[in-house]
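Lettering follows sequence order; numbering is per chain, from 1. Only this structure's heavy atoms are used, side chains among them; waters, hydrogens and symmetry mates stay out.
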Amino acid sequence: MEKILQQLCANAVHELYGVEVAAEQVIVNETPKDFTGDYTVVIFPFVKAARKSPEQVGNDIGQFLQTRLEEVASFNVVKGFVNFELSDAFWLKTFVEMAGNDQFGQANPTGKKIVLEYIGPNTNKPLHLGHIRNMLVGHSVAAILSANGHEVHKVNIYNDKGINISKSMAAWKLEGKGETPQSSGKKGDHFVGYYYVLYNKIATEQAAPFIAMGMKDREAEKQTAIYALTEQFNRDWEAGSPEVLELWRIMNGWVYQGFKETYRMLGIEYEKAYYESECYQLGKDLVIGGLDKGVFLKQPDGSIWVDLSDEQLDQKVLIRSDGTSVYITQDIGVADLRYRDFKPDQLIYVVGDEQIYHFKVLKLTLEKLGMPYAPLIYHLSYGMVDLPEGKMKSREGKVVDADDLIAEMLQTAEDHTKELGKTEGMNAEEASQLYKILGLGALKYFMLKVNAQKRLLFNPQESIDFQGHTGPFVQYTYARIRSIMRKFEGDYQLPNFPLTALHPLEKNIIVEINKLPHTISVAAETYDPSVVANYAFSLAKTFNKLYAELSILNNENPATNTFRVALAAMTARNIEKALHLLGIDVPERM
RNA sequence: GAUCCCGUAGCUCAGUUGGAUAGAGCAACUGCCUUCUAAGCAGUAGGCCAUUGGUUCGAAUCCAAUCGGGAUCACCA
């Protein structure tokens with residue numbers, strides 16, 4: 001509709017004033033609440049060419065459109081704006097079309113293939129709040145891109161080798177005494193994470209004398225015995241020592257087992273996992289190939305570097321002087337492998353904004369290597385999650401643990417539900433299912449409603465709300481509608497409704513429902529789930545207003561009942577779709 | 001020091017490619033459940049859109065400078 005208005009306005013300006021205007025240049029907005037109308041055209045841009053007052057130009061254009069477009073019921077001019085009010089017949093027709101389209105909100109296939117990497121945990125400690133944001137954003141963006149017609153493949157990357165897991169291994173070797181997750185009753189990832197924290201404790205103790213001598217923290221850590229063991233493990237691993245590999249496999253296995261439970265709880269899945277341990281060699285080969293081609297340089301100590309000083313960045317190490325790989329080495333290998341696996345049109349990396357620099361380097365390095373997929377790389381960066389006292393620090397154990405937080409949310413949902421006395425008539429299984437839907441809904445909505453690029457403040461003291469601009473608010477609207485649909489006896493899926501006039505509140509809902517496809521395309525273009533979250537809220541709010549002011553089932557005219565149930569059903573469908581894009585489930589009752 | 005991000009109500013955030021009187025939620029205060037679920041609805045109050053200057057019919061939005069906050073610039077990942 002916006003496009004039609006744009007085109008007609010351009011025609012109007014051309015015919016009335018003899019000035020060519022591109023249709024895209026015409027500004028069409030939704031009419032703000034306090035004015036009458038549905039769409040508003042800004043006419044200031046034409047005033048000069050017309051040599052008339054803004055009011056006159058507005059009237060001219062308004063007249064022109066009203067005679068050409070039957071959907072225009074009326075128009076009014078305020079200062080430099082023409083507000084067009086569209087006919088109820090138009091909105092009814094729009095509604096019937098939307099209601100009849102099962103695929104409403106699903107765009108046609110674009111043929112674009114996207115590989116989206118997310119989660120990307122290290123295997124030395126459990127998942128935390130930052131990972132939750134990563135998982136939710138990645139999962140949601142993938143769903144949104146699919147809805148926008150792209151073919152999306154979700155993949156995960158495990159940073160399963162290197163110095164960090166070696167630290168957990170070293171601490172376990174020294175202090176573990178053969179303990180296992182089973183024997184200790186701990187979840188696998190928490191178990192291994194415990195030894196990572198223990199490593200830091202031991203290292204800090206052992207480093208103290210060196211710090212007293214005036215060494216910097218990092219230097220002092222390198223002097224410690226436990227660090228020596230860690231490095232030994234790391235070198236032996238790369239040398240292929242069977243005992244070290246065995247220990248490494250066992251400890252990683254524990255971690256994967258633990259991660260799996262968390263993924264399942266959050267409804268997160270991926271199609272394929274990549275492992276640093278399986279890609280670093282390929283990365284090293286590619287780097288050495290680059291050295292042979294002369295695009296990288298080798299220092300006398302044997303380390304290999306890429307020089308990005310022409311691109312305003314520094315020189316970066318690609319292979320250490322001892323021949324071992326660094327973080328970026330594996331990413332080069334992973335990118336290459338992934339490209340060969342999928343032949344994608346785009347490679348998206350959902351990774352925190354602290355790594356913006358890293359991805360710039362990665363992209364430029366691959367460009368220097370002449371890789372065809374270098375331009376396909378897109379770093380979808382999201383902001384860190386802050387606690388009131390600042391950044392989370394996992395090495396100090398100052399983190400909000402993912403599993404703890406999820407458990408807490410479910411408990412809060414249960415408390416709320418019981419307090420409101422809403423468990424009546426539910427069996428235990430239904431009830432616990434509901435707590436899960438609501439608790440996770442609250443958590444996911446909380447994390448996705450703010451723009452992913454922004455930093456997010458999380459205060460564990462203030463529990464996540466269940467009222468207002470929240471997931472449960474939207475879910476509640478859905479549950480209410482479902483309740484009405486259960487009570488209504490009749491067919492509301494009529495192709496036509498014998499109505500001629502719309503109540504303003506009814507029209508508001510049709511207008512909101514109509515926005516879903518546009519919302520999805522904006523969200524897809526900006527990789528931003530918060531657009532969808534805000535849409536769901538706005539739709540629910542619009543419906544709640546009608547619900548409070550008008551009756552849906554108890555009208556004198558049965559046609560009104562039928563139509564309003566149809567409106568409600570369509571609202572519920574859109575809510576369900578929007579929440580689905582956020583990875584949030586909807587309850588039949590709550 | 002260099003590069004990048006961010007400053008909107010007491011708090012957490014929206015605010016389309018520059019458009020009309022800057023919007024929600026939380027917290028505070030008022031009302032509304034003998035009709036479809038009150039996890040709701042209606043209302044009151046709360047703003048020098050960090051500051052200054054510029055661009056123009058028009059700026060929270062674009063540009064510049066300043067102030068404040070953050071991230072990154074590891075032979076960590």
Side-chain angles (χ1 to χ4, degrees), chain A residues 24-25 27 29-35 40 42 44-45 47-48 54 78-81 83 120 122 124 159 161-164 218 276 299 301-305 312-314 316-322 324-328 330-331 352-358 360-361 381 383-384 386 390-391 413 416-417 419-420 422 438 442 446 449-451 453-457 459 462 465-477 479-488 518 522 526 530-531 533-534 537-538 540-541 544-554 561 564-565 568 589-590:
Chain A
E24 303 84 59
Q25 301 286 350
I27 299 163
N29 292 325
E30 227 180 285
T31 303
K33 259 197 211 134
D34 301 337
F35 298 89
T40 296
V42 184
F44 285 111
V47 169
K48 217 176 212 173
V78 184
K79 291 193 260 180
F81 305 90
N83 303 317
N122 293 356
N124 62 313
N159 300 301
K161 70 175 276 283
I163 213 80
N164 282 317
R218 203 183 300 155
E276 180 181 1
Q299 291 293 323
D301 66 3
S303 56
I304 300 176
W305 298 71
Q312 318 288 34
L313 302 171
D314 295 329
K316 299 289 297 181
V317 71
L318 299 177
I319 291 183
R320 291 195 189 95
S321 51
D322 65 1
T324 58
S325 61
V326 290
Y327 180 46
I328 196 164
Q330 64 133 345
D331 263 346
D353 62 9
E354 55 189 357
Q355 293 194 34
I356 289 173
Y357 183 83
H358 168 75
K360 269 187 196 160
V361 171
S381 65
M384 299 286 100
D386 284 327
K391 203 182 167 184
H416 267 276
T417 307
E419 205 175 298
L420 291 167
K422 300 242 182 176
L438 295 180
F446 173 81
K449 76 173 174 183
V450 305
N451 186 310
Q453 265 87 19
K454 284 201 171 181
R455 295 186 81 87
L456 181 68
L457 182 73
N459 189 346
E462 301 165 16
D465 265 312
F466 282 64
Q467 276 158 16
H469 189 185
T470 67
F473 172 95
V474 182
Q475 291 171 318
Y476 179 64
T477 305
R480 271 174 150 185
I481 293 174
R482 295 300 293 170
S483 168
I484 287 173
M485 290 168 71
R486 281 192 295 271
K487 288 197 170 116
F488 182 72
H518 182 246
V522 170
T526 54
S530 73
V531 174
N534 285 313
F537 177 67
S538 157
K541 209 168 163 46
N544 283 343
K545 193 176 169 73
L546 177 137
Y547 183 92
E549 291 188 23
L550 302 176
S551 176
I552 291 172
L553 290 176
N554 304 315
N561 290 342
R564 288 193 182 155
V565 173
R589 58 192 88 216
M590 66 184 271

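Using a 4.0 Å heavy-atom distance criterion, A:Asn29 is classed as a base contact. Residue contacts for A:Val42: at a heavy-atom cut-off of 4.0 Å it reaches a base atom on one of the strands shown. As judged by a 4.0 angstrom heavy-atom cut-off over every strand, A:Lys422 is placed among the base-contacting residues. Counting any heavy atom pair closer than 4.0 Å across all strands shown, A:Val78 reaches a base atom. Residue contacts shown for A:Arg455 are limited to sugar-phosphate atoms, with no base heavy atom under 4.0 Å away. Looking at heavy-atom distances under 4.0 Å, A:Thr40 makes contact with a base. Among the heavy atoms of the strands lying under 4.0 Å from A:Met590 is at least one base atom, whether or not backbone atoms are also near. Residue contacts shown for A:Ile328 are absent, as no nucleic acid heavy atom lies under 4.0 Å away. When heavy atoms are screened at a 4.0 angstrom cut-off, A:Thr417 is found touching base atoms of the nucleic acid. Using a 4.0 Å heavy-atom distance criterion, A:Tyr476 is classed as a base contact. Heavy atoms of A:Ile552 sit under 4.0 angstrom from at least one base atom. Looking at heavy-atom distances under 4.0 Å, A:Phe537 makes contact with sugar-phosphate atoms alone, never a base. Heavy atoms of A:Gln475 sit nowhere under 4.0 angstrom from any nucleic acid atom. In this structure, A:Leu550 reaches the bases: a heavy-atom distance under 4.0 Å links it to at least one base atom across the strands shown.
Taking atom P on both nucleotides, B:U72 is separated from B:U56 by 41 Å, rounded to a whole Å. Straight-line distance between the P atoms of B:G18 and B:U61: roughly 11 Å, to the nearest whole Å. Taking atom P in both B:G70 and B:C75, the straight-line distance is 25 Å, to the nearest Å. Taking atom P on both nucleotides, B:U44 is separated from B:G25 by 12 Å, rounded to a whole Å. Atom name P, nucleotides B:A39 and B:A50: the rounded distance is 38 Å, in whole Å. A distance of about 9 Å separates the P atoms of B:A22 and B:A60, rounded to the whole Å. The gap from the C1' atom of B:U55 to that of B:U8 amounts to 23 Å, rounded to the nearest Å. Taking atom C1' on both B:G7 and B:C13, the two are 13 Å apart, rounded to the nearest angstrom.
A donor atom on one side chain and an acceptor atom on the other are not found under 3.5 Å apart for A:Lys454 and A:Ser530.
Here NZ of A:Lys422 is found 6.5 Å from CE of A:Met590. Values are rounded to the nearest 0.5 Å. To the nearest 0.5 angstrom, A:Phe473 atom CZ is 4.5 Å from A:Asn544 atom CG. The CG atom of A:Asn561 sits 7.0 Å away from the CG atom of A:Asn554 when rounded to the nearest 0.5 Å.
Heavy-atom minimum distance, A:Asp353 versus A:Gln453: OD2-O, 4.3 Å.
The footprint of chain A on RNA chain B, defined by a heavy-atom cutoff below 4.0 Å, extends from B:G7 to B:A77.
Across all strands shown, B:C32 is found opposite B:G40 as a Watson-Crick or G-U wobble partner, with both distances under 3.5 Å. Pairing of B:A27, defined by two Watson-Crick or G-U wobble distances under 3.5 Å, is not identified with any nucleotide. Across all strands shown, B:G7 forms a Watson-Crick or G-U wobble pair, both distances under 3.5 Å, with B:C67. If you check B:A2 for Watson-Crick or wobble pairing at under 3.5 angstrom, you find it paired to B:U72. When both pairing distances are held under 3.5 Å, B:A60 makes no Watson-Crick or G-U pair with any nucleotide shown.
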### Message
Please evaluate residues A:Ser483 and A:Arg486 with respect to the criterion side-chain contact (heavy atoms from CB on, under 4.5 Å), reporting the C-alpha separation (whole Å), side-chain torsions for both, the decisive distance (0.1 Å), and the verdict.
### Response
CA-CA 5 Å; A:Ser483 168; A:Arg486 281 192 295 271; 3.7 Å; yes

### Message
side-chain contact (heavy atoms from CB on, under 4.5 Å), that's the test. Do A:Ile328 and A:Lys316 meet it? Break it down for me.
### Response
CA-CA 9 Å; A:Ile328 196 164; A:Lys316 299 289 297 181; 5.8 Å; no

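Positionally, the nearest nucleotide of RNA chain B for A:Lys79 lies more toward the 5' end than for the other of A:Leu420 and A:Lys79. Projected onto RNA chain B by closest heavy-atom contact, A:Val450 and A:Ser551 fall at different nucleotides, the more 5' of which corresponds to A:Val450.
You'll find the side chain of A:Val42 reaches within 4.5 Å of the side chain of A:Phe81, heavy atoms only.
A:His416 and A:Phe466 have parallel rings, their planes meeting at less than 30° on a 0 to 90° scale where 60° marks the start of perpendicular.
The glycosidic torsion of B:C33 lies within 90° of 0, which places this base in the syn conformation.
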